[in-house]
Every structure is written in structure tokens, then in C-alpha cells.
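The structure appears below as C-alpha cells.
Note that these values count all heavy atoms, side chains included, but never hydrogens, waters or copies made by symmetry. Small disclaimer: the values here were computed from a predicted structure and weren't measured.
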Amino acid sequence: TLPVTLTATDILAIHDDIIYVHYNQPFPRKQIDAYDLDGNFIETFLRTDKGHGTHYQYTTGITAHDGEIYVLLGRHGTAVYPLEVQVLTPDGTLQRQFGSKGSGNGQFLQPNGIVIHNNQIFIPDTERKDIQVFDLNGNYQRKFTLQAPGISGNLYPDYIKIAGNELFAITKVEQYGNPTVRVYDL
């Protein structure tokens, strides 16, 4: 049992028997804490008052892959939308970063979550109404949209998960409409 209470807006990832938890709570609690599997605290990194010269406004995704932690981050003064992905070592050392705010390829407006599958990074963007795919170094590869029978236009993708060759997506017909879980073949 972790020695903290998590809320629905908190995000976690597990890698090499370490649990990484990001708290989306009001300032100054926006940070990532690391715990062992028994719930013992190990360390804190990426606090809003320090860390790699950047103050973080909001985090909407965290995942781990092959010894690295991928965090979808925003910067202070940019509303609440994340602007980039930072790739960190398990101790919080910045390795590389990619992405920026915008509507071009490799840019984000309102991304929600980050998933790694078959050595590719998938990031759904609700405002752009697409899912962008990157390689593990952060190089843009492609984008795709989600549709549903009987609904004209692209759906707004919120969070996604991938299992096997299926993509599970929480989608909306309207940006602030009711969410529906849909399953797509990759």
C-alpha cells in the first residue's frame, strides 16, 4: 500500500519494481515521487519549484519503457496544456525531450496520455482530434484519426491503452460530450 492517497487525476507508471506517481494537485504538489513495491518512499523529482530549469504546470501522462521514464509535461504560463515529452532516467535525469505547442506534426494542443507499444510512442490529442506516433527518440512518424460507424467526422480521443493489436480509446463525438470506450484494430 502506498503511503499516499491517489485521486482520479493522479498518474502512475511502474518500471523495474519502482512505482512512479505524479500528483496533479494544486501548487506546489505537482511532482513525481518514486516508491518501491512495498510502498516505501525512494525519492522526489520534477517538483514545480525546481527541476531542469523548467517549472511544470500540468502533467497528463507518464509511462516507462526500457529503463526510461516518459513524462508528458507543460510549462508555467501556457494554460494547462502540456507542451513536450521529457525522457528521464529512473533517478529523474533528463535524457532528451521532444514536442512543442502547436498544430503541426510533432506538436501538441491538448494531449492526454502517453502509451508505448512495439517501440512506438502513441499520444492522443483531444483538440487536434488525432493520435500522433513517434519513435523512441521522439521523431514524428505519423498520425491517425478515429471514426465510428454512423458518426460523421473524426472523434475526439481522450486516453488510450493498447493491448495486443487492439487500441482501446476513450472518445467523444463532441469535445466536451459524454465519453465512450471504443476498440480499434491497430
Side-chain angles (χ1 to χ4, degrees), residues 9-16 18-24 30-34 43-146 154-162 167-171 184 186:
T9 61
D10 296 331
I11 300 169
L12 65 91
I14 300 173
H15 181 71
D16 287 342
I18 298 175
I19 302 168
Y20 297 92
V21 181
H22 177 271
Y23 305 98
N24 278 324
K30 295 180 180 128
Q31 64 194 40
I32 294 175
D33 286 342
E43 66 180 324
T44 294
F45 57 94
L46 291 182
R47 293 183 60 92
T48 54
D49 57 350
K50 66 178 181 175
H52 312 303
T54 304
H55 295 270
Y56 303 113
Q57 179 73 8
Y58 194 65
T59 297
T60 62
I62 182 171
T63 193
H65 178 76
D66 202 22
E68 295 181 312
I69 311 300
Y70 293 74
V71 184
L72 192 52
L73 296 169
R75 293 185 187 177
H76 182 70
T78 60
V80 296
Y81 303 134
L83 296 175
E84 66 188 12
V85 174
Q86 290 198 351
V87 184
L88 312 166
T89 61
D91 69 358
T93 303
L94 179 66
Q95 296 298 297
R96 62 191 173 281
Q97 59 196 43
F98 62 92
S100 62
K101 186 171 184 165
S103 58
N105 292 337
Q107 295 183 312
F108 309 116
L109 291 174
Q110 190 179 357
N112 290 313
I114 181 169
V115 173
I116 298 177
H117 178 72
N118 288 340
N119 293 320
Q120 295 181 312
I121 301 167
F122 293 76
I123 300 177
D125 194 309
T126 303
E127 190 168 330
R128 290 171 48 109
K129 296 171 73 171
D130 64 18
I131 297 172
Q132 294 188 80
V133 182
F134 300 84
D135 67 18
L136 293 176
N137 291 316
N139 298 308
Y140 173 83
Q141 301 293 301
R142 68 185 188 284
K143 65 184 172 190
F144 60 94
T145 58
L146 302 177
N154 298 328
L155 298 173
Y156 292 90
D158 273 345
Y159 296 97
I160 63 170
K161 292 294 179 191
I162 299 173
L167 182 140
F168 296 81
I170 299 174
T171 63
Y184 299 88
L186 281 179

ask   = Taking only residues two or more places apart in sequence, or in another chain, which ones meet K161 in a side-chain contact (heavy atoms from CB on, under 4.5 Å)?
value = none
request  = Find the distance between CZ (F168) and CD1 (I162) and round it off to the nearest 0.5 Å.
outcome  = 10.0 Å
request  = Report the C-alpha distance between Q141 and I121 in whole Å, list the side-chain angles of each, state the deciding distance to 0.1 Å, and finish with yes or no for side-chain contact (heavy atoms from CB on, under 4.5 Å).
outcome  = CA-CA 9 Å; Q141 301 293 301; I121 301 167; over 6 Å; no
ask   = Do I123 and Y70 have side-chain heavy atoms sitting under 4.5 Å apart?
value = no
request  = Calculate, to the nearest 0.5 Å, the distance between atoms CG and CG belonging to L94 and L88 respectively.
outcome  = 6.0 Å
task = State whether the side chain of R128 and the backbone N or O of G104 hold a donor-acceptor pair below 3.5 Å, judged by distance alone.
result = yes
key: Nearest heavy atoms of P90 and I69, plus distance in Å   = CA-CG1, 4.2 Å
request  = Flag the pair Q95 / T89 as yes when at least one side-chain heavy-atom distance between them is below 4.5 Å, and no otherwise.
outcome  = yes
ask   = Looking only at atom types and distance, does a side-chain atom of N112 sit under 3.5 Å from a main-chain N or O of P124, one as donor and one as acceptor?
value = no
query = Rounded to the nearest 0.5 Å, how far does CD of Q107 lie from CG of D125?
reply = 10.5 Å
inquiry  = Would L136 and V87 count as a side-chain contact (heavy atoms from CB on, under 4.5 Å) here? Give the steps.
reply    = CA-CA 9 Å; L136 293 176; V87 184; over 6 Å; no
message = Could you check whether any side-chain N or O of N137 sits under 3.5 Å from a backbone N or O of N139, counting only pairs where one atom can act as donor and the other as acceptor?
response = no
ask   = What residues, two or more places apart in sequence or in another chain, satisfy ring pair (Phe, Tyr, Trp, His ring centres under 6.0 Å) together with Y184?
value = none
ask   = Is the backbone of P157 close enough, under 3.5 Å, to the side chain of T171 for a donor and an acceptor to pair up by distance?
value = no
note = Value for CD1 (I160) from CZ (F122), rounded to nearest 0.5 Å, stands at 7.0 Å
task = Give, for atom CG of L155 and atom CD1 of I131, the distance between the pair rounded to the nearest 0.5 Å.
result = 10.0 Å
message = Nearest 0.5 Å, please: how far is CD1 in I114 from CD in Q132?
response = 11.5 Å
task = Sequence neighbours left out, what passes side-chain hydrogen bond (donor to acceptor under 3.5 Å, both in side chains) with Y156? Give chain and number order.
result = none
key: From L167, N154, D130, residue fulfilling side-chain contact (heavy atoms from CB on, under 4.5 Å) relative to F144   = L167
